[in-house]
Amino acid sequence: MKAILYSQGENHYNLDPDLKAVLDAFAPGLPQEELSAFGRLVGEEVLEVAHHVDALSPPRLLMHDLDGNRIDRALLSPAERALLEKLRPMVRPAYEGRGWPLHYALGYLLADGGLYCILTITHQVAYALHKYAPEWSAVKRELLYGKAYGATWMTEVQGGSDLGANRTLARREGEAYRLYHGDKYFASGAGLADYALVTARPEGAPEGPKGLALFLLPREVEGRLNFRVRRFKEKLATRAVPSGEVELEGSLAYLLGRPEEGIYYTLETLTVARLANAVAAMGLAKKAHLEVLFRVRRRTAFGRRLLDHDLVQHDLLEMRLRQVAGTALAFLAVARFDQVWEERPPYSQAYHLARLLSHLAKGRTAEHAAQITGLAMELFGGLGFLEDYGVARFHREALITPIWEGPANIQALDMLEAVAKKRAHEPLLEMLKGTPLALKAAEGALGLLREGGAWQAKEALRRLADAVSVHALEAMGEPYGEMARLYARRFLEGESLPKEAARPELYDPWWSLS
């Protein structure tokens, strides 16, 4: 695999001093030995298996068993199945009292969209059961410590991100419900999940998102398949997770919590996944960045190492600014979520702030990941565009991060709602008071939002996210304070990076290690 990826066989935690600095600032005290061991697993096994699954052995759908019974099972590569069992413990920390930052740090290091998606949708089910359905504790344990996999099936063919357009009907049958007219069109984990969270509208409930309740859907009921998988999707990337279309027609399901609060439970599980999306986006960006850092030291052009060329140093600085700022933004959001995640409706202002930060982090890190992985391909030249090597896959994987869990337009509209209805910007501005540059930029972004509403919401989200990123970088000390000012100049003020910033301690995270 060294022929495919320079970082194969390397410890990805040890290669990333910027991650250590981010975690020291926003999640101090995480177990270093555990993170280092996971970094070794990523370099030694995850990269190899992920490449194998993507190129040669994606999951396939087996619809019938030998007796002709419908089973709709995902067949995984034995290598993928064995690796998932090694990775499964990373879903447990929050439920063992060790907090969310450790889980998300491991998710950042894993940063394979397909593998991490399987684990994220599994612990999203555990999350909902933990908070709102303690009577299902045995299933929660099976998801966290057993062999069961979970999934979250919200999106329907007619609605996409418009959850209020969902048509799945829930009809009461004794202590359970039967689901009808359900066409879950982008169902990650289809054929793999043993339990799924699904949204459905109980009979008599109002139209729109507030009429949706959240249900637990088991794969089998009395030994029979409880739903049908129509097909698996052919995707550009994230091939390790089987994504398909699921039909619900008479499927037995169990109501979680109170039906009128279903939309809030659903949004909570989305927050968990949006933070995973943010850290995975920056982890993918770091994988591409690592390959570039190896490349520029090994490759020569015009008589000099690539690392010694001015324009390459400029590109390296922009990559690092995007990568570190996005990572700091993501883990600041994680830290705030960790403080409030066990709250229930009605939520506090601290919870609304955490939710607002999740929108900012999800939206902006996805943009950074696409830009960084694209620039990595460019710095590799023609080899970066070949599927023989790893950099092209990192870019393909990064392209899903703006779409999963609500694209940028949805993040912007949800942000607008959090500001207009929940006043979530007030604790945000309070948080930024110690960083005048960030505070001024945030106030400008909110002014843009007041003037333009939804028309300006996506630009306002980007500016707010950049303001918070500057604040987060400033909190990390030097050289990150200087990087905060460079990031503000480049992304808040739209100015070019100055030549005096061409210093190794700024553009090269390995400078301090060499």
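A cation-pi arrangement, defined by a distance under 6.0 Å to the six-membered ring centre and an angle within 45 degrees of its axis, is absent between Arg490 and Tyr487. Stacking of Lys233 on the aromatic ring of Tyr185 is recorded, both the 6.0 Å distance cut-off and the 45° axial limit being met. Remark: Lys20 qualifies as a cation-pi partner of Tyr13 under the 6.0 Å distance and 45° angle criteria applied to the six-membered ring. Seen from the ring of Phe491, Arg364 counts as a face-on cation partner, given the 6.0 Å and 45° thresholds.
Using a cut-off of 4.0 Å between Lys/Arg side-chain N and Asp/Glu carboxylate O, Lys210 and Glu261 are scored as not salt-bridged. Look at Arg462 and Glu459 and you find a salt bridge, because one of the NZ, NE, NH1 or NH2 atoms lies within 4.0 Å of a carboxylate O, short of that distance. Look at Lys458 and Glu367 and you find no salt bridge, because none of the NZ, NE, NH1 or NH2 atoms lies under 4.0 Å from a carboxylate O. A salt bridge between Arg98 and Glu34 is present, with a side-chain N of the basic residue lying under 4.0 Å from a carboxylate O of the acidic one. Using a cut-off of 4.0 Å between Lys/Arg side-chain N and Asp/Glu carboxylate O, Glu156 and Lys184 are scored as salt-bridged. Using a cutoff of 4.0 Å between basic side-chain nitrogens and carboxylate oxygens, Lys131 and Glu268 are scored as salt-bridged. Here Arg88 does not pair with Glu142 in a salt bridge; the nearest charged N to carboxylate O distance is not below 4.0 Å. Arg322 has a carboxylate O that lies under 4.0 Å from a charged side-chain N of Glu318, or vice versa, which qualifies the two as a salt bridge. Between Arg393 and Asp112 there is a salt bridge, since at least one side-chain N of the basic residue sits less than 4.0 Å from a carboxylate O of the acidic one.
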* To do: Start with the C-alpha gap between Tyr149 and Tyr195, add the side-chain angles, then the distance that decides, and say whether side chain to side chain contact (heavy atoms under 4.5 Å, CB included) holds.
  => CA-CA 7 Å; Tyr149 287 103; Tyr195 301 94; over 6 Å; no
* Worked verdict on Trp341 versus Tyr351 for ring-ring contact (aromatic ring centres under 6.0 Å, His included) -> CA-CA 8 Å; Trp341 74 279; Tyr351 186 94; over 10 Å; no
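Looking at heavy atoms from C-beta onward, Asn166 lies in side-chain contact with Leu212 at the 4.5 angstrom threshold. Looking at Thr120 and Gln124, their side chains come closer than 4.5 Å, going by heavy atoms from C-beta outward. Within the 4.5 Å cutoff, the side chain of Leu143 has heavy atoms near those of the Leu129 side chain. Side-chain contact between Tyr104 and Val272: present, with at least one pair of heavy atoms (C-beta onward) separated by less than 4.5 Å. Side chains of Leu461 and Leu464 form no contact here, defined as non-hydrogen atoms less than 4.5 Å apart. Taking the side chain as every heavy atom from C-beta outward, Leu379 and Met319 approach each other to under 4.5 Å. With contacts defined as side-chain heavy-atom distances shorter than 4.5 Å, the pair Lys433/Glu430 qualifies.
No hydrogens or angles considered: nothing links the side chains of Asp18 and Thr327 as a donor-acceptor pair under 3.5 Å. In the model, Asp16 has a side-chain atom that pairs as donor or acceptor with a side-chain atom of Tyr108 under 3.5 Å.
Note: Met282 CE to Asn277 CG = 11.5 Å, rounded to the nearest 0.5 Å.
Within a 6.0 Å radius of CZ in Arg344, other residues, nucleotides and ligands contribute more than 12 heavy atoms. Other residues, nucleotides and ligands contribute more than 12 heavy atoms inside 6.0 Å of the CD atom of Glu96. Other residues, nucleotides and ligands contribute at most 12 non-hydrogen atoms within 6.0 Å of the OH atom of Tyr264.
With sequence neighbours left out, the side chain to side chain contact (heavy atoms under 4.5 Å, CB included) criterion links Pro209 to Ile263.
You'll find the ring centres of His130 and Tyr265 outside the 6.0 Å limit.
Of the possible donor and acceptor atoms, none in the side chain of Lys362 sits under 3.5 Å from a partner among the backbone N and O of Ala330.
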